[in-house]
Amino acid sequence: MSVSDSEPPKHNAPSHAPAPTPHPLQTPPLPNYKGRISNTPLAASLVSFILGSVFALGALTFVAGAFAGSSWWVTGQLGFFVAAWAAFHWGEYAVTAGWNLEKCSVDSFLLENGMTYHLAHGTALAEYIITMYVRPGWKTHGGITLAGIVLVLAGQVLRSMAMIHASTNFSHAVAFRKREAHVLVTDGVYAWLRHPSYTGFFYWAVGTQLVLQNPFSALIYVVLLWRFFYYRVKAEERALVVFFGDAYVQYRNRVGTMIPFVP
């Protein structure tokens, strides 16, 4: 006699046990999530700690001007760039978590922002370090650095304000399907700029290159960012016209982007 023969008959009676309540910190897998960083609270806290440490190191370097006698390439300019980079990525996650929780994931840090994005930052760092080694006098124009700092701060504030004001209507990825709760936001900062989060990032990124006084990278940033936002805005606005019809067309006609040559 087999073991199964000795077991009592089983009945497929419906279970009335309540579904387990998810833990408040549980982070369920997202549909089609392909990020290399695990979408877990542990990963989010670890990334935040690393970004915070990088920001602190960069901010200290910026405030001090440079660590006395540490190295020829450790300067306040480089410190500001590093601190701005870390603050931007942490801010993307923090604002999403605070005002758009339904879309929040580890991917909201935007650390996996594409190879072109990381190559651009790598090129900027390489240009700065090489120039500091062979022609340090080219990096001493304080007015240019100050203008860059203003652009970085203004761009960061503008982007964060746009994300906060749009709240759940904001998405890091272009939405091509209208959700039931999706509304057209035309007030607040959106009354002045049609895509303020894009405008903020554009000037933030260009500002970082003015801080570093990188003429080559500044040009590359302008070209790449213009191309990216030009085609992204066109694709997004086709969807918005479908979503909101004439209301969006009228809004588009009266409010610009303030990104050069992006109507």
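FYI, side chains are in, hydrogens and waters are out, and symmetry mates aren't considered; it's all heavy atoms of this structure. Everything quoted here is computed from the prediction, not taken from an experiment. Nothing fancy with the numbering, it's 1 onward along the sequence.
Tyr190 places a side-chain N or O within donor-acceptor distance of the main-chain N or O of Ala162, the cut-off being under 3.5 Å. At least one donor-acceptor pair under 3.5 Å links the side chain of Glu112 to the backbone N or O of Arg36. Of the possible polar contacts, none joining the Asn169 side chain to the Val185 backbone as a donor-acceptor pair under 3.5 Å is found. Checking side-chain atoms of Ser167 against main-chain N and O of Asn100 turns up no donor-acceptor pair under 3.5 Å. In this structure, Trp90 contributes its side chain and Gly52 its backbone to no donor-acceptor pair below 3.5 Å. Side chain of Gln209 to main chain of Tyr221: no donor-acceptor pair is present (N/O by atom type, distance under 3.5 Å, no hydrogens or angles). Looking at His182, its side chain never comes within 3.5 Å of a backbone N or O of Thr168 through a donor-acceptor pair. A side-chain donor-acceptor contact under 3.5 Å links His89 to the backbone of Phe109. The main-chain N or O of Ser105 is found under 3.5 Å from a side-chain atom of Ser108 such that the two form a donor-acceptor pair. A donor-acceptor pair under 3.5 Å is absent between the side-chain atoms of Thr199 and the main chain of Met258, judged by distance alone.
Here Trp99 contributes atom CH2 and Ile164 contributes atom CD1; the two are 4.0 Å apart, rounded to the nearest 0.5 Å. Rounded to the nearest 0.5 Å, atoms OG1 (Thr257) and CG (Leu193) are 8.0 Å apart. To the nearest 0.5 Å, atoms OG (Ser48) and CZ (Phe55) are separated by 13.5 Å. A distance of 6.5 Å separates CD1 of Ile129 from CG of Leu78, quoted to the nearest 0.5 Å. Taken to the nearest 0.5 Å, the CE atom of Met132 stands 5.5 Å off from the OG1 atom of Thr75. Atom CZ of Arg194 and atom OG1 of Thr186 lie 13.0 Å apart (nearest 0.5 Å).
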Residues Tyr128, Phe81; criterion side chain to side chain contact (heavy atoms under 4.5 Å, CB included); working and verdict:
CA-CA 11 Å; Tyr128 178 79; Phe81 173 78; over 6 Å; no
Full working for side chain to side chain contact (heavy atoms under 4.5 Å, CB included) between Val189 and Leu158
CA-CA 8 Å; Val189 68; Leu158 178 58; 3.4 Å; yes
Candidate pair Thr208 and Trp85, rule side chain to side chain contact (heavy atoms under 4.5 Å, CB included), full reasoning
CA-CA 9 Å; Thr208 62; Trp85 178 87; over 6 Å; no
CA sep, side-chain torsions, deciding dist, call: His195, Arg232, side chain to side chain contact (heavy atoms under 4.5 Å, CB included)
CA-CA 11 Å; His195 295 282; Arg232 186 179 178 102; over 6 Å; no
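Ile259 and Ile220 are assigned to two separate hydrophobic clusters, defined by single-linkage of ILVMFWY side chains at heavy-atom distances under 4.5 Å. Under the 4.5 Å side-chain heavy-atom criterion for grouping Ile, Leu, Val, Met, Phe, Trp and Tyr, Val206 is connected to Phe228 within one hydrophobic cluster.
Using cut-offs of 30° and 60° on the angle between ring planes, the pair Tyr117 and His121 is perpendicular.
A donor atom on one side chain and an acceptor atom on the other are not found under 3.5 Å apart for Glu127 and Thr131.
Leu219 belongs to a hydrophobic cluster with Val223, counting contacts under 4.5 Å between side-chain heavy atoms of Ile, Leu, Val, Met, Phe, Trp and Tyr, direct or through other members.
Here the shortest heavy-atom pairing between Leu111 and His118 reads O-NE2, 2.8 Å.
Pairs engaging residues 133-169 under the ring pair (Phe, Tyr, Trp, His ring centres under 6.0 Å) rule: Trp72-Tyr133 [sequence neighbours left out].
In this structure, Trp204 has its ring center closer than 6.0 angstrom to the ring center of Phe88.
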